Every structure is written in structure tokens, then in C-alpha cells.
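Have a look at the structure below before the remarks.
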Amino acid sequence: MKKSIEDSQVTILLEIDGEIHLVAMKKDNLDAIGLIVKASAETAYATGKTQKDLNIFLGYSKPVTA
């Protein structure tokens, strides 16, 4: 079954020295990267997990901003 990735969200992770890091960037830059990723994606494999599941696995919670 084919699904459209047009409205999908792109999450960026970097591996630095064997440790996974979430990436934050300006919205314009994220939009550009998302466009490139979606245009070049050939296959997407479902994991059965959500963004919330990934955040919990990574021990990530939103930073508190003043």
C-alpha cells in the first residue's frame, strides 16, 4: 500500500561520537531539508512507533524557555 509523504514530518538525528543527538534549526532550514528528504525518499518503512515513542526512547523532553 502506497502512502503520500507530502504532509509528513521530517525528524533529524545526528550521530556524534556514537551518541544520537536531536537537531534544532530555523524553520526555513528545516523546511528546505524536509523538501530534499521527501523528494529523494525512495522507500519508507513503517516502525509502528510515534514521534512521542521516539522522544521517550531518546529521553528527550522539550527544553523550558523563558
Side-chain angles (χ1 to χ4, degrees):
M1 172 188 219
K2 287 194 171 195
K3 293 185 179 185
S4 171
I5 62 170
E6 186 175 314
D7 294 324
S8 63
Q9 175 182 326
V10 173
T11 302
I12 301 172
L13 302 172
L14 286 177
E15 181 185 340
I16 303 170
D17 296 330
E19 187 176 340
I20 301 297
H21 295 72
L22 289 169
V23 175
M25 62 181 66
K26 293 179 182 177
K27 184 175 178 351
D28 289 346
N29 293 343
L30 180 59
D31 290 344
I33 296 295
L35 182 66
I36 292 167
V37 168
K38 291 175 189 182
S40 49
E42 295 180 14
T43 305
Y45 297 98
T47 63
K49 302 296 179 188
T50 64
Q51 182 70 45
K52 182 179 178 181
D53 295 332
L54 175 61
N55 291 346
I56 291 168
F57 174 76
L58 294 171
Y60 173 76
S61 61
K62 273 193 168 180
V64 177
T65 56

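If you're wondering where the values come from, they're calculated on a predicted model, not measured in any experiment.
Annotation for E15 and G18: closest pair OE2-CA, 3.4 Å, computed over non-hydrogen atoms. Closest heavy-atom contact between A41 and I5: CB-CD1, 4.1 Å. In this structure, D7 and K38 approach most closely via the heavy-atom pair C-NZ, 4.4 Å.
In the hydrophobic clustering of ILVMFWY residues, with side-chain heavy atoms under 4.5 Å counting as a link, I33 and I16 come out together. If you chain together hydrophobic residues whose side chains sit under 4.5 Å apart, I20 and F57 fall into the same group.
Within the 3.5 Å criterion, the main-chain N or O of T50 finds a donor-acceptor partner in the side chain of D53.
The one candidate from T11, L14, L13 that meets the side-chain contact (heavy atoms from CB on, under 4.5 Å) condition with V23 is L14. Here the rule is side-chain contact (heavy atoms from CB on, under 4.5 Å) with I12, and of L22, V37, L30 only L30 fits it.
Rounding to the nearest 0.5 angstrom, the gap separating the CG atom in L58 from the NE2 atom in H21 is 11.0 Å. To the nearest 0.5 Å, the span separating CG on N55 from NZ on K49 amounts to 13.5 Å. For the atom pair K52 NZ and I56 CD1, the distance stands at 5.5 Å (nearest 0.5 Å).
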